[in-house]
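Have a look at the structure below, then the notes.
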Amino acid sequence: MKKYDMAHINGDNGCFISRINDLNKIMTLHGTSLFSAGVKQNYTKKSVIKWGLIHPNLFFSYLMERYSVRHCNTVITVSVSLLDTLKKLYSKNDITAINIGINTGYFRPGNKIQIRHELNMENKVIYALWVGMSPERKRLNFAIELIKNSKNIHLICIGNTEKYVGNDRIHILGRVSDDILLKYYQACDLLLLPSVSEAFSLTIVEGMACGLVPVTGKNVYMPGLKNNINSFIAGTDDDYKDIITKIEDKPDILIKMSENAIKTAYEYSDEKTYSRYLDVMQKIVYKK
């Protein structure tokens, strides 16, 4: 390992690498195993012990994660919203927030009319898109019921959705290839993501870069979201209903918001993310 300047650890899988004392190490955390199974951020020791008994595998993962964090030069987290929480959880001050970047040359608007024709979608219909591999956390059931109760909006569901049932306006597609997902990003009008929580939603950035207007909640962290400017942000479940009604009554409001969404997404290009990672690495390697 001495021939390398640095090792990059992603989550708990770098536990053993972190034992190498004479190697520079950074670690990226998209979240923490402690919170992913339901432990609240205002946790107590009693709640952690109870959680550990219910989720022994995740608790072991958390212990490895904690060991790795404490033996790395620095930790990078994907959102500012997690920064203070992780500092408290791991008693480590050297933690930096660097948002995930996207390839803005790939995720970009397309010819919506042409793409809808390819995908057998109707041109005069408002399409909402739900994307995710964690339907419970991202509340797919709620999204489906929300659209079922709308007047005429259609919902396209992509990801871990096979067990869900669709109808004439609820389209359950399951898992699709990346190129097909891109087409749906470009063909739909809004991205519906009523998640329980999101540390940093890459899906929102990708969708915005393609022109989608996010409809999401206050507990979904994504810097740059501005309510009624480039997105709709709900505070309650009733707010989601009001937002859907507003879109149905005045669909033209999506035009300007879509333009604003695209501009916002370009602030999270992969080039900017690469530059920030490189800066952190150089400071460690060259002891700046």
Side-chain angles (χ1 to χ4, degrees), residues 30-31 36 78-79 99-104 106-110 112 115-116 118-121 125-148 150 153-167 169-225 230-234 240 243-244 247 254 257-258 261-262 264-266 268-270:
H30 293 244
S36 63
V78 296
S79 78
N99 295 320
I100 304 171
I102 64 166
N103 183 345
T104 52
Y106 179 78
F107 293 103
R108 60 183 181 178
K112 182 175 286 190
I115 295 172
R116 284 193 174 190
E118 292 176 16
L119 298 174
N120 295 316
M121 296 168 64
V125 168
I126 299 174
Y127 283 94
L129 177 66
W130 183 97
V131 178
M133 298 306 294
S134 304
E136 290 80 15
R137 180 171 61 83
K138 296 178 184 289
R139 296 212 297 165
L140 177 54
N141 266 331
F142 175 76
I144 290 174
E145 289 304 312
L146 188 66
I147 298 303
K148 278 184 178 180
S150 69
I153 294 180
H154 286 232
L155 177 65
I156 293 173
C157 308
I158 292 177
N160 187 16
T161 64
E162 290 81 358
K163 70 177 184 179
Y164 293 83
V165 179
N167 60 25
R169 291 194 293 114
I170 307 296
H171 311 278
I172 307 296
L173 303 188
R175 306 180 193 206
V176 301
S177 62
D178 290 342
D179 59 327
I180 296 298
L181 174 59
L182 175 63
K183 289 185 177 181
Y184 279 105
Y185 274 144
Q186 295 169 331
C188 292
D189 300 293
L190 56 100
L191 180 70
L192 182 55
L193 194 68
S195 299
V196 173
S197 66
E198 297 280 347
F200 180 87
S201 177
L202 191 59
T203 301
I204 287 181
V205 186
E206 293 172 350
M208 292 176 77
C210 296
L212 293 182
V213 177
V215 177
T216 188
K218 291 183 178 180
N219 50 352
V220 173
Y221 179 78
M222 168 61 206
L225 290 187
N230 58 12
S231 59
F232 292 103
I233 302 175
Y240 280 103
I243 290 168
I244 293 300
I247 292 172
L254 294 176
M257 293 180 69
S258 174
I262 294 169
T264 300
Y266 273 67
Y268 302 96
S269 67
D270 49 12

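Numbers here are sequence positions counted from 1.
Looking only at side-chain heavy atoms (C-beta outward), T216 and M222 stay at 4.5 Å or farther from each other. Side-chain contact between V205 and F200 is present, with at least one heavy-atom pair separated by less than 4.5 Å. The closest side-chain heavy-atom distance from T161 to W130 is below 4.5 Å. Annotation: side chain of C210 is in contact with side chain of L182 (closest heavy-atom distance under 4.5 Å). Two residues are said to be in side-chain contact when any heavy atoms from C-beta on lie closer than 4.5 Å; C157 and Y164 fail this criterion. Residues L225 and I204 have side chains in contact (heavy-atom distance under 4.5 Å, counting atoms from C-beta outward).
Counting heavy atoms of neighbouring residues, nucleotides and ligands inside a 6.0 Å radius, atom CZ of R169 exceeds 12 of them.
Between the CG atom of N103 and the CD atom of E206 there is a distance of 10.0 Å, given to the nearest 0.5 Å. Between the CG atom in L254 and the CD1 atom in I126 there is a gap of 6.5 Å [rounded to 0.5 Å]. Note that CG of L155 is 11.0 Å distant from CD of E145, once rounded to the nearest 0.5 Å. Atom CD1 in I158 sits 10.5 Å away from atom OG1 in T203 (nearest 0.5 Å). Interatomic distance, CD1 of I100 versus NE2 of H30, reported as 5.0 Å (0.5 Å rounding).
Listed for the R116 side chain is no donor-acceptor partner under 3.5 Å among the backbone atoms of M121. When atom types are taken as modelled, the side chain of S231 and the backbone of V213 share no donor-acceptor pair closer than 3.5 angstrom. In this structure a side-chain-to-backbone donor-acceptor pair under 3.5 Å is present from D189 to Y127.
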Next on the checklist: Pair I244, I147 - check side-chain contact (heavy atoms from CB on, under 4.5 Å), show working.
Outcome noted: CA-CA 8 Å; I244 293 300; I147 298 303; 4.2 Å; yes
Next on the checklist: Let's go through I247 and F232 carefully: what are the C-alpha distance in whole Å and the side-chain angles of both, what is the deciding distance for side-chain contact (heavy atoms from CB on, under 4.5 Å) to 0.1 Å, and is it a yes or a no?
Outcome noted: CA-CA 10 Å; I247 292 172; F232 292 103; 3.8 Å; yes
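A pairwise comparison of heavy atoms in I102 and L202 identifies CG2-CD1, 3.4 Å as the closest pair. Of all the heavy atoms in Y240 and L146, the pair that sits closest is CB-CD2, 3.9 Å. Taking every heavy atom of both residues into account, I170 and I144 meet most closely at CD1-O, 4.0 Å. Closest of all the heavy-atom pairs between G224 and T264 is O-CG2, 3.7 Å. Residues C188 and L212 come closest through the heavy atom pair O-CD2, 3.1 Å. Of all non-hydrogen atoms in N99 and S79, the two that sit nearest each other are OD1-CA, 3.8 Å.
Remark: I262 engages P109, S258, Y266 in a side-chain contact (heavy atoms from CB on, under 4.5 Å) (not counting sequence neighbours). Every residue two or more places apart in sequence or in another chain was checked for a side-chain hydrogen bond (donor to acceptor under 3.5 Å, both in side chains) with Y184, and none qualifies.
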Per-pair distances, 0.1 Å, donor-acceptor, side chain in residues 191-199, under 3.5 Å, sequence neighbours excluded:
{"from": "S195", "atom 1": "OG", "to": "E198", "atom 2": "OE2", "distance (Å)": "2.8"}
{"from": "E198", "atom 1": "OE1", "to": "K138", "atom 2": "NZ", "distance (Å)": "3.4"}
{"from": "E198", "atom 1": "OE2", "to": "R137", "atom 2": "NH1", "distance (Å)": "3.2"}
{"from": "E198", "atom 1": "OE2", "to": "K138", "atom 2": "NZ", "distance (Å)": "2.6"}

